[in-house]
Q: 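This structure is in structure tokens; I'll ask about it shortly.
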Amino acid sequence: MNRYSTHTCQELRTSHEGETVRLSGWIHRQRDHGGILFIDLRDAHGVTQVVVRPDRDCFEETKHLRVESVITVTGKVCHRPEENINEKIPTGEVEVIVDELEVQSSAEILPLQVADENDVPESMRLKYRFLDLRRESMQKKIMLRSQVIASIREQMQTMDFMEIQTPILTKSSPEGARDYLVPSRVHPGKFYALPQAPQQFKQLLMVSGFPRYFQIAPCFRDEDARADRSPGEFYQLDMEMAFVEQDDVFEVIERLMTHLFDKYSDWPVTETPFPRIPYREAMMRYGSDKPDLRIPFEIQDVSEIFKESDFRVFRSAVEQGGVVRALPIPETEGQPRSFVDGLEAFAKENGARGLAYVVFPKGGGKLKGPVAKYLGEAELEKLKQLPGCGEGATCFLLAGAENFVAQLAGRLRVEIAKQLDRFEKNVYKFCWIVDYPMFEQEEETGKIEFSHNPFSMPQGGMDALLNKDPLDILAFQYDIVCNGVELSSGAIRNHRPDIMYKAFEIAGYDNSVVDKQFGGMIRAFQFGAPPHGGIAPGVDRIVMMLADETSIREVIAFPMTPGAEDLLMDAPSEVSPEQLKELHIRLELPKPKKQKNAPQKTEPGTSPSSATS
RNA sequence: GGGGACGUAGCUCAAUCGGUUAGAGUACUGGACUGUCGAUCCAGUGGUUGCGGGUUCGAGUCCCGUCGUCCUCGCCA
């Protein structure tokens, strides 16, 4: 007989009656009736009730075992009497009458309960993650993650993609997020960087003649966390294809996403092809480049209506080159005053001076709202006719500079949907955001910068770079978005050195900078590079959506806190002086801050390249 | 770095307008019980109300500071 188990804790049925079996697992719950002891024994597969009777040697010892102790029991499978069947568990018709019980590992008093999935502070869960992971909900999520990753590999292989590993210790690159640096022992004063993504390597693989590459790739970025963004590290399905256009990439990803979301969720998924929304249109209609299409209302431009309005606030906004945008919300007439007050406070927190709105009562009664009296009949009627507006609706109005208004209206749209719970439920709404601008102007300095990825091919190629206003040039750059979560960015890459140099020149970098920072890639492009493009969906985010979670940490086995700490391993930590010496590093720590605005005196010892934004 | 919310027993929460000995569930310890399955019943242990200061006759409650946690903005090629 196997030393630890003959069956799992979810296998036994009435057909096993009379067999002598062995089970190992954790004590999930214990019920002590004095003369008889019931233990729910749990393993990764399920729970089986085992019964200890007082005539067994182990009876007294067993009574004092705490939950979550690990035991091995040997005994006979018995059919439970009709009245004692537990229909809640698959093994509920049987139980194991214990002959022998071996304690493999006894448990201390638990800092958090495994069997009761009550709320526990996340810091506690992370510190005792090994206990937290035992809970059924976490087991399911980690299992789901495993299956999703397996399916991704299977699908990608089926579509003739090759999985290829790329280096983890690599070169710091000046653009993008802050790098995690690794000091070199062999080369004093030099550092490796952990890759923010295998971007350059995958492009090199295209040049190397592997036309379909993928990798479940760890990515490292030293940036602050969000609910849907893990600090430090995360995983991407990194992929790249040679001799493709944008639609070819879309087709592969749509096929993959549809497969994953159909397989691992019951919710309906957007039919392929997913809608393609140009960036500027997304900013107009949703005030965001990751629009949540489950929200049934949209932003509308009403600058025309107010161009010659008597209401000076709106008119002057338009005259000064700004815009007026409307966000009509149907069926809100009955909302309490606190609704609009709360939203006004929200708008102010986000930098607005105020929040104008008009309520159109049902039956055509007197209009409500602070600006109603300043607006003319014709203007009000036009607002009322807007799609989504009309009787019973509240029409919010925002005026000012276009980018600001668009963004604020977008945030307001999501906030209102949250407050009124107006999301379409149990559905996955995908879309592509396409036609990102190649460059953007930094507001303070007026400097032209890459708006997304410097490796994207500008639409129109060299001709566009030479002849168009940089701010009008679009890139073959795209995002895929699901329910307001950005799953991925990608692009058709710029594989032409001449176009690359020119693009960087527009962003203010001369050729030598390009050669220095991206020398490997530029050199590769001079020896015959195929046109190529790709994308890199976030694996954690995909699993998060499939698990219907809003925090990415729920689908990562050992996540860091938003403060970039691992509470279980206690990382980051100090290292020994010997280790530092070997790495040629001397610490210069900031003063412990006592009062506010403590003067910053420390400068990084070396600053190899000036990081752009 | 900025803003917001929160912080009471190991954990989840309660405590009237600032009022007298800070309660309950769970966990833990002991006891009772031979058919439970979130077992039940009895008893017990467990608290510097995050920390520091202030206001007050009196502070878990009000004020200031600080620390921690989460959310968010900046940031995320």
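Throughout, protein chains are lettered first and strands after them, A, B, ... in sequence-line order, and every chain is numbered starting at 1.
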Q: Partner of rU34(B) by Watson-Crick or G-U wobble geometry, both contacts under 3.5 Å, or none?
A: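 By the stated definition (distances under 3.5 Å), nothing pairs with rU34(B).
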Q: When rounded to the nearest Å, what value does the distance between C1' atoms of rC67(B) and rG25(B) take?
A: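 Looking at atom C1' only, rC67(B) and rG25(B) are 30 Å apart.
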Q: Let's test this: given Watson-Crick or G-U wobble pairing with both distances under 3.5 Å, identify the partner of rA5(B).
A: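 Pair assignment: rA5(B) / rU69(B).
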Q: Distance check needed: rC71(B) P versus Glu554(A) CD, whole Å only.
A: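 Rounded to whole Å, this separation is 10 Å.
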Q: Any strand is fair game: report the nucleotide pairing with rG19(B) by Watson-Crick or G-U wobble, both distances under 3.5 Å, or none.
A: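 Check on rG19(B): paired to rC57(B), both distances under 3.5 Å.
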Q: Among Gln477(A), Gln246(A), Gln459(A), which one satisfies side-chain hydrogen bond (donor to acceptor under 3.5 Å, both in side chains) with Asp435(A)?
A: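 The option that passes is Gln459(A).
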Q: When every nucleotide of nucleotides 31-41 of chain B is labelled 5' to 3' by its protein contacts under 4.0 Å (heavy atoms), B for base, S for sugar-phosphate only, - for none, what sequence of letters results?
A: --BBBBBSB--
Q: Which whole-number value in Å describes the distance from Ile109(A) CD1 to rG30(B) P?
A: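 To the nearest whole Å, that distance equals 10 Å.
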Q: Side chain of Arg229(A), heavy atoms from C-beta onward: which of rC75(B), rU69(B), rC71(B) has the nearest atom to it?
A: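 Closest nucleotide to the Arg229(A) side chain: rC75(B).
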Q: What is the pairing partner of rG10(B), taking Watson-Crick or G-U wobble pairs with both distances under 3.5 Å in any strand?
A: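 Pairing partner, where one exists within any strand: rU26(B).
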Q: Phosphate oxygens OP1/OP2 of rC71(B): is one of them under 4.0 Å from a side-chain N or O of Arg553(A)?
A: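 Result: yes.
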Q: Taking the six-membered ring where the residue is Trp, are the ring centres of Phe504(A) and Phe450(A) under 6.0 Å apart?
A: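 Ring-ring flag for Phe504(A)/Phe450(A): true, centres closer than 6.0 Å.
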Q: My understanding is that a pair needs two contacts under 3.5 Å, Watson-Crick or G-U wobble. By that rule, which nucleotide pairs with rC75(B)?
A: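 Checking every strand shown, rC75(B) finds no partner, since no pair has both distances under 3.5 Å.
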Q: OP1 or OP2 of rC73(B) sitting under 4.0 Å from any side-chain N/O of Arg226(A)?
A: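 It does, given that an N or O in the side chain of Arg226(A) lies less than 4.0 Å from OP1 or OP2 of rC73(B).
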Q: Taking any strand in view, what nucleotide pairs with rG46(B) in a Watson-Crick or G-U wobble way, both distances under 3.5 Å?
A: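 Its partner is none (no Watson-Crick or G-U wobble pair with both distances under 3.5 Å).
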Q: Rounded to the nearest 0.5 Å, what separation is found between the CD1 atom of Ile522(A) and the NZ atom of Lys516(A)?
A: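 Ile522(A) CD1 to Lys516(A) NZ: 15.5 Å, rounded to 0.5 Å.
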Q: Would you list the protein and nucleotides 9-15 of chain B atom pairs, both N or O, that sit under 3.5 Å from each other?
A:
{"unit_1": "rG10(B)", "atom_1": "O2'", "unit_2": "Pro111(A)", "atom_2": "O", "d": "3.4"}
{"unit_1": "rU12(B)", "atom_1": "OP1", "unit_2": "Pro121(A)", "atom_2": "N", "d": "3.4"}

Q: Do Phe476(A) and Tyr436(A) have ring centroids that are under 6.0 Å from one another?
A: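 Between Phe476(A) and Tyr436(A), which both carry aromatic rings, the centre distance is not below 6.0 Å.
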Q: Taking any strand in view, what nucleotide pairs with rA39(B) in a Watson-Crick or G-U wobble way, both distances under 3.5 Å?
A: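 By the stated definition (distances under 3.5 Å), nothing pairs with rA39(B).
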